[in-house]
Amino acid sequence: MQACLASGWGLSPPVLLTLLVGLGVVLLAHWVTRQRDFPGRDSFILLHLASLWWMGAAALEMSFFAAECKMFWASMAWPGIVATPTFWAVFLWQYVNSMRTPLARSSILGLSLVPLLVWALALSNPWHGLFYGPGSAPIDASPGAPVRYVHGPLFYASAVYVYLFMAFCMGLVTRAAALSHGVHRRHYLAFLLVTAVPWVANIGYVGFGWTLFGFDPTPFSFAFTLVAFSWLIVGVRLFDLLPVARHLLLDALLDPVLVIDPQGRVVEANPAALKLAGLQTGWAGTQLGEWPVFGADLQQLLHERDNLEGQPLTLTSAARYYEVRVRAIQRTTRHGPALLGHMLYIRDVTQRHLSELKLAEALALSEERLRTISSLHEQLREQALCDPLTGLYNRRYLDEFFARELARAQRESLPLALALIDLDHFKRLNDESGHLAGDDVLKAVAQHLQDNLRSTDAVFRIGGEEFLLILPGADPREACERLQAICAQLAAREIASRGGDQRITLSAGLAHWPEQGQALDELLQVADAALYQAKRDGRNRVCDLLVEGNLSHPSRQAALRGDSG
C-alpha cells in the first residue's frame with residue numbers, strides 16, 4: 001500500500017462520479033434499514049452494500065497511477081462483483097413471492113462463500129496468473145492510464161457464475177411481469193429495466209471490450225440503478241403502499257375489497273371487486289369516483305365522513321345496499337404515522353336489508369307471520385354460531401354448550417374431556433400453496449373430525465387452524481385413545497386441495513374435568529399447555545399431562561391399550 005501511495009494517486013471526474021454514486025447507495029441503504037414492511041428488506045440492503053464495495057474498489061483502482069496498484073484494487077473488487085448479483089437474485093425472489101422473513105445468518109454465510117472464494121483466487125493471481133494473464137498492462141505510458149486486462153480461465157469461470165444469477169434475475173422478473181397486471185406489471189417492468197442496465201454494461205465489457213473512461217462501465221451504471229430505485233421508492237412508493245396492501249388483501253374474500261392511495265386512485269382490487277365492476281384490465285390508477293357501480297357514491301360518502309376508521313358506512317347504488325368498512329394503511333416514521341392509503345371492505349347486505357323490511361311487514365300483518373319470523377331468527381342465530389368456512393360451531397356457542405355438558409356431568413357423575421387441536425405447519429402450507437388450498441385443508445380436517453365423533457361429542461373451530469373437541473363421558477384413557485386414532489387416520493391420508501394433494505398432521509393437548517380444572521378457562525389453559533408440549537415433542541402426537549409419560553403417536557399407543565407388542 002505504501003508503494004502505491006508513493007507512486008501517486010489523484011481524484012479524477014470518474015472517481016468523483018463513482019464516489020458520489022457510492023454516497024447515494026449508502027443513503028439509500030440507510031433509509032431502507034428503517035423500513036420494516038416490504039419483502040426482501042435484508043437482501044436489498046446486502047446487495048447495495050455489495051455494490052458499494054464494488055464501486056469503492058473501482059474508485060481506488062481509477063485513483064492510483066501504478067499498474068500494480070490498479071490490478072490489486074481490481075482484485076479487491078471481486079467480493080462485490082460476485083455478491084451483488086447473488087443478493088440481487090435473493091431480493092427479487094423474496095419480493096416477487098412476498099417473503100418477509102429475514103435472512104438467517106447461516107443463509108447469508110452460505111451465499112457469501114463463493115464471493116469470498118473468488119476474492120481469494122483473485123488476490124492470489126500473482127502466484128498462478130489464472131485470473132489476469134501476464135499480458136495485462138496499461139493501454140499507454142501516460143500516468144494513471146487504465147489497464148487492459150488479459151482475462152484468464154478463472155475470470156471467465158467467475159463470470160459464468162455471475163451471469164447465471166443474472167439470467168435467473170431476468171427470468172424471475174420477466175415471469176412476474178407476464179403474470180401480473182396494472183400497477184404490479186409496471187413495477188416489475190421497472191425492476192426488469194433496473195436489472196438489465198448494469199448487466200448489459202458488464203456483458204459489453206467482458207464480451208465486447210466496452211469501456212467508459214477506459215474502465216469497466218458497470219460501476220458507473222449503478223448511477224442509473226440508484227436513480228431508478230430512488231424514483232421507485234420515493235416517486236411511486238414501491239416499498240410502502242403496494243406490499244402492505246397485498247399483505248392485508250386476501251384474494252379469497254368473497255366480498256369486494258379496494259385499496260386506494262391518498263390521491264383517491266384505486267391501486268388494488270380483489271377478484272370480487274373486479275367482477276362486480278365488470279372490469280378485467282386497465283383499471284389500475286382509476287379514480288375512485290369513476291369506479292363502476294358504486295364508485296361515485298362511495299367517494300361522496302367518504303368525503304362526508306371525517307373519521308372513517310372501523311366505522312361501518314352504508315351506501316345504495318343500483319337498487320342494492322352495501323356496508324363499507326374502511327381501514328387506514330399507515331407506516332410508522334420518526335415523525336409519527338404516515339398515511340399510505342385506505343383499504344375499503346365492501347359487503348353486499350342487500351339480502352339482509354330486504355329481510356329486515358320483510359320482517360317488519362310480517363310483524364304488522366299477522367301472528368302467523370310472527371311464527372315465520374321466529375323461524376328466520378333461529379336460522380340467523382344458527383348462522384351466527386357456525387363458522388362459515390367449515391360449518392363447525394364457533395367460539396360463540398362454546399360457553400353455552402360447555403355449561404350444559406358440565407351440568408350434566410356433575411348431575412350424573414360422569415367424566416368430561418376437552419381436547420385442543422392445532423394443525424402442524426399450517427402457516428407454511430398457506431405460504432407455499434396459497435390460502436385457497438389452506439381453506440380446502442381446513443374443511444377436510446373439520447369433516448374428518450366430525451366423522452370420528454360420537455353424536456354426544458362436539459367440535460368447534462376457535463381460531464385459524466385451531467379446533468376444540470368436547471368429549472362428554474370420556475375418561476382419560478378413552479379420550480386419549482380416540483384422539484390418537486384421529487391423529488393417526490389423518491396422518492395416513494392425503495387431502496386434495498386446489499394447491500395439490502397435502503399431507504397434514506395435527507398436534508393435540510388433552511384436559512380432564514374435574515382432575516385438571518373446574519371451569520372452562522382452567523381446562524383450556526391445561527389443554528393449551530399440553531398442546532405446546534406436543535409441539536415441542538415433535539408434533540403429530542397427542543399429549544395428556546394427566547397420563548404419565550405424555551403419550552405420543554404412534555409409539556406409545558400400544559402401551560396405552562396394554563398390548564405387549
If you measure from [atom1] on [X] to [atom2] on [Y], what distance do you get to the nearest 0.5 Å?
X    : Y    : atom1 : atom2 : answer
T286 : L279 : OG1   : CG    : 7.0 Å
L469 : F460 : CG    : CZ    : 9.5 Å
K443 : L392 : NZ    : CG    : 12.0 Å
L406 : I470 : CG    : CD1   : 10.0 Å
R265 : E290 : CZ    : CD    : 12.0 Å
L506 : F467 : CG    : CZ    : 9.5 Å

Establish, from distance only, whether the side-chain atoms of [X] and [Y] form a donor-acceptor pair under 3.5 Å.
X    : Y    : value
Q525 : D521 : no
Y345 : D255 : yes
H512 : D544 : yes
S507 : D422 : no

Quick one: does [X]'s side chain get under 4.5 Å of [Y]'s, heavy atoms only?
X    : Y    : result
W291 : L258 : yes
Q489 : H448 : yes
D399 : L520 : yes
N394 : I462 : no
V257 : L344 : no
T86  : V114 : no
R482 : L453 : yes
L490 : T505 : no

Under 3.5 Å, which donor-acceptor pairs do the side chains of residues 105-112 form with other protein atoms, sequence neighbours left out?
residue: S112; atom: OG; partner: I108; partner atom: O; Å: 2.7

Do you know the tightest heavy-atom contact between [X] and [Y]?
X    : Y    : value
V445 : I504 : CG2-CG2, 4.4 Å
A496 : D501 : CA-OD1, 3.5 Å
N430 : G438 : OD1-CA, 3.5 Å
G509 : A530 : CA-CB, 3.5 Å
L545 : C543 : CD2-SG, 3.8 Å
I495 : A444 : CG2-CB, 3.5 Å

Which is it for L420 and E466 under the side chain to side chain contact (heavy atoms under 4.5 Å, CB included) test, yes or no, and what are the steps along the way?
CA-CA 7 Å; L420 199 57; E466 206 166 63; 4.3 Å; yes
Worked check of side chain to side chain contact (heavy atoms under 4.5 Å, CB included) between R541 and C487:
CA-CA 7 Å; R541 63 192 65 219; C487 180; 5.7 Å; no
Charged N to carboxylate O below 4.0 Å: is that the case for [X] and [Y]?
X    : Y    : result
E465 : R428 : no
R503 : E494 : yes
D439 : R498 : no

Please check if the side chain of [X] supplies one atom and the backbone of [Y] the other of a donor-acceptor pair under 3.5 Å.
X    : Y    : result
R461 : G463 : yes
T84  : S51  : yes
D424 : N540 : yes
N270 : P256 : no
R536 : A534 : no

Can you list the residues that meet the side-chain contact (heavy atoms from CB on, under 4.5 Å) rule with R408, with sequence neighbours excluded?
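Scan of R408 (side-chain contact (heavy atoms from CB on, under 4.5 Å), adjacent residues dropped) gives E405, R411, E412, L414, P472.
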What about the rings of F87 and F91, do their centers lie closer together than 6.0 Å?
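Judged by ring-centre distance (under 6.0 Å), F87 and F91 do not meet the cut-off.
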Who passes salt bridge (Lys or Arg N to Asp or Glu O under 4.0 Å) against D431, sequence neighbours left out?
K427
Using side chain to side chain contact (heavy atoms under 4.5 Å, CB included), reason through L449 and I421 one step at a time and then give a plain yes or no.
CA-CA 10 Å; L449 294 176; I421 293 177; 4.1 Å; yes
Please walk me through it: do L510 and Q516 pass side chain to side chain contact (heavy atoms under 4.5 Å, CB included)?
CA-CA 10 Å; L510 276 165; Q516 294 176 297; over 6 Å; no
Indicate the ring-plane relationship of Y393 and Y397, choosing parallel, tilted or perpendicular according to the 30° and 60° boundaries.
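Plane angle between 30° and 60°, so tilted.
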State whether the number of non-hydrogen atoms from other residues, nucleotides or ligands found under 6.0 Å of R454 atom CZ is greater than 12.
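Yes, because the 6.0 Å sphere around CZ of R454 holds more than 12 heavy atoms from other groups.
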Take atom OH of Y532 as the centre, draw a 6.0 Å sphere, and report whether it contains more than 12 heavy atoms from other residues, nucleotides or ligands.
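No, because the 6.0 Å sphere around OH of Y532 holds 12 heavy atoms or fewer from other groups.
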